[in-house]
Asker: 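Dropping a structure here in structure tokens format, bear with me for questions.
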Amino acid sequence: GNPEVVEAQWSTIQTILGPNGSDAMTPPTPEVIKNLQDIWDDADISPQVQQSASAFHFLAYRMIYDTIADTANGGLEASVTSVGLPLGAGLGSSGAFSVAMAGALIRLRQEIQTGKHVFTGLHDQGGEEREDQEVIPPAGTLAEINTWAFASEVIIHGEPSGLDNTTSCYGGAIRMRKKSSPPFEGL
């Protein structure tokens with residue numbers, strides 16, 4: 001079908017989320033989530049797209065607004081396409097979406113700040129980036145991606161376990177034990 005287009009002004013998002021601060025990575029409250037999703041109440045878009053758009057706008061504002069606010073255009077456009085992972089089927093598509101979004105925004109932020117490609121793992125060794133080569137960010141970046149992805153999952157699901165975004169972020173098999181700290185262990 002035709003893609004669903006969702007737009008919001010930074011000022012609208014800022015009115016809902018307030019200024020960026022030290023608690024920027026904290027998932028939003030249910031009231032904030034409702035206010036984000038209410039932006040598109042009159043639009044003819046599906047609830048899944050409302051949730052995804054709310055998650056994207058939350059992350060984009062919290063992660064990169066301060067980086068691009070002083071630029072001439074100060075805007076951001078993203079296009080998201082699912083290539084085979086069905087939505088709403090319990091297969092973790094929202095976790096994958098959240099991790100991809102967070103990773104892309106972190107990379108964009110770092111590229112804007114440094115003016116060069118980051119965390120490809122190849123430019124430092126003088127190699128070339130190839131499509132068939134898996135690129136894994138450093139551990140600290142993965143942890144940041146996962147934290148942001150969890151905040152996105154809170155917007156989409158309310159009270160997620162964190163297993164879907166953790167599995168999408170780190171890959172492989174993950175064991176979850178609710179009463180252990182940390183609750184996730186890579187196998």
Side-chain angles (χ1 to χ4, degrees), residues 6 8 10 13-14 16-37 39 48-69 76 78 80 82 85 87 90-114 117-121 134-187:
V6 186
W10 286 119
I13 304 301
Q14 187 172 34
I16 294 168
L17 297 179
N20 280 329
S22 59
D23 65 342
M25 290 176 80
T26 303
T29 64
E31 179 185 359
V32 168
I33 294 169
K34 182 184 179 325
N35 291 339
L36 281 171
Q37 292 177 4
I39 293 171
Q48 288 174 321
V49 171
Q50 283 186 3
Q51 293 167 341
S52 299
S54 297
F56 174 77
H57 286 97
F58 171 82
L59 293 185
Y61 178 72
R62 287 287 188 232
M63 294 174 73
I64 67 166
Y65 176 73
D66 289 345
T67 303
I68 66 172
L76 178 66
V80 178
S82 175
L85 189 57
L87 302 176
L91 297 176
S93 60
S94 66
F97 168 77
S98 297
V99 167
M101 253 191 333
L105 289 167
I106 286 172
R107 185 170 182 171
L108 175 62
R109 181 185 67 203
Q110 291 176 336
E111 288 182 3
I112 290 169
Q113 290 171 343
T114 65
H117 283 309
V118 291
F119 73 69
T120 62
E134 184 177 9
V135 177
I136 301 174
T141 303
L142 282 174
E144 183 182 1
I145 290 169
N146 200 39
T147 300
W148 283 115
F150 180 76
S152 172
E153 284 280 82
V154 168
I155 294 169
I156 295 170
H157 290 296
E159 294 185 27
S161 68
L163 183 60
D164 289 351
N165 55 278
T166 300
T167 303
S168 290
C169 186
Y170 293 99
I174 306 282
R175 177 186 317 182
M176 180 178 146
R177 294 183 184 155
K178 289 183 180 182
K179 296 184 183 193
S180 71
S181 182
F184 303 109
E185 172 189 6
L187 303 176

Asker: Filter on salt bridge (Lys or Arg N to Asp or Glu O under 4.0 Å), then keep only pairs touching residues 141-156, sequence neighbours left out; what's left?
Answerer: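 Every salt bridge (Lys or Arg N to Asp or Glu O under 4.0 Å) pair that includes a residue of residues 141-156, provided the two are not neighbours, is Arg109-Glu144.
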
Asker: How far apart are the C-alpha atoms of Leu108 and Leu76, what are their side-chain angles, what is the distance that settles it, and do they pass the side chain to side chain contact (heavy atoms under 4.5 Å, CB included) test?
Answerer: CA-CA 11 Å; Leu108 175 62; Leu76 178 66; 3.7 Å; yes

Asker: Are Ile106 and Trp148 close enough, and set up right, to give a side chain to side chain contact (heavy atoms under 4.5 Å, CB included), and what steps lead you there?
Answerer: CA-CA 10 Å; Ile106 286 172; Trp148 283 115; 4.2 Å; yes

Asker: For the pair Ile39 and Val6, evaluate side chain to side chain contact (heavy atoms under 4.5 Å, CB included) and give the outcome as yes or no after the intermediate values.
Answerer: CA-CA 10 Å; Ile39 293 171; Val6 186; over 6 Å; no

Asker: Can you name the nearest heavy-atom pair linking Ser161 to Phe184, along with the distance?
Answerer: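 Minimum heavy-atom separation between Ser161 and Phe184: O-CZ, 3.3 Å.
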
Asker: Within the 4.5 Å heavy-atom criterion, are Pro27 and Ile155 side-chain neighbours or not?
Answerer: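 Contact flag for Pro27/Ile155 side chains = no.
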
Asker: Any chance you could measure Cys169, atom SG, to Asp164, atom CG, to the nearest 0.5 Å?
Answerer: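 The SG atom of Cys169 sits 12.5 Å away from the CG atom of Asp164.
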
Asker: Nearest 0.5 angstrom please: Ile156 CD1 to Gln37 CD, how far?
Answerer: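 Here the interatomic distance stands at 9.0 Å.
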
Asker: The criterion is ring-ring contact (aromatic ring centres under 6.0 Å, His included); which residues satisfy it with Phe150, sequence neighbours excluded?
Answerer: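 Result, ring-ring contact (aromatic ring centres under 6.0 Å, His included) vs Phe150: none returned.
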
Asker: Taking atom CD1 of Ile13 and atom CZ of Phe56, what is their separation to the nearest 0.5 Å?
Answerer: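 The CD1 atom of Ile13 sits 10.0 Å away from the CZ atom of Phe56.
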
Asker: Of the non-hydrogen atoms in Gly172 and Thr167, which two are nearest, and what is the gap between them?
Answerer: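 It is O-CG2, 3.8 Å.
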
Asker: Can you tell me how far apart OG1 (Thr67) and CD (Glu111) are? Round to the nearest 0.5 Å.
Answerer: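 Here the interatomic distance stands at 12.5 Å.
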
Asker: Roughly how far, to the nearest 0.5 Å, is the CD atom of Gln48 from the CZ atom of Phe97?
Answerer: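 Atom-to-atom, Phe97:CZ and Gln48:CD are 11.0 Å apart.
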
Asker: Evaluate the side chain to side chain contact (heavy atoms under 4.5 Å, CB included) criterion for residues Ile64 and Leu59: first the C-alpha distance (whole Å), next the side-chain angles of each, then the deciding distance (0.1 Å), finally the verdict.
Answerer: CA-CA 8 Å; Ile64 67 166; Leu59 293 185; over 6 Å; no

Asker: For the backbone of Gly18 and the side chain of Tyr61, can you confirm whether one donor and one acceptor N or O come within less than 3.5 Å of each other?
Answerer: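 Yes; judged by distance alone, with no hydrogens or angles, the pair exists.
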
Asker: Of the non-hydrogen atoms in Leu105 and Ala60, which two are nearest, and what is the gap between them?
Answerer: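 Closest heavy-atom pair between Leu105 and Ala60: CD1-N, 3.7 Å.
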
Asker: Of the non-hydrogen atoms in Pro28 and Val154, which two are nearest, and what is the gap between them?
Answerer: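 In terms of heavy atoms, the two residues are closest at O-CG1, 4.0 Å.
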
Asker: How far apart are the closest heavy atoms of Ser152 and Met101, and which atoms are they?
Answerer: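 Distance-wise, the nearest heavy atoms are OG-CE, 3.5 Å.
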
Asker: Between Ser52 and Val80, is there a side-chain heavy-atom distance shorter than 4.5 Å?
Answerer: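 Val80 vs Ser52: side chains apart.
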
Asker: Testing the basics here: between Val99 and Asn165, what is the closest heavy-atom pair and its distance to 0.1 Å?
Answerer: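 Scanning both residues, the minimum pair turns out to be CG2-O, 3.3 Å.
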
Asker: Distance check, rounded to the nearest 0.5 Å: Ser98 atom OG versus Asn146 atom CG?
Answerer: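 Output value for this atom pair is 10.0 Å.
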
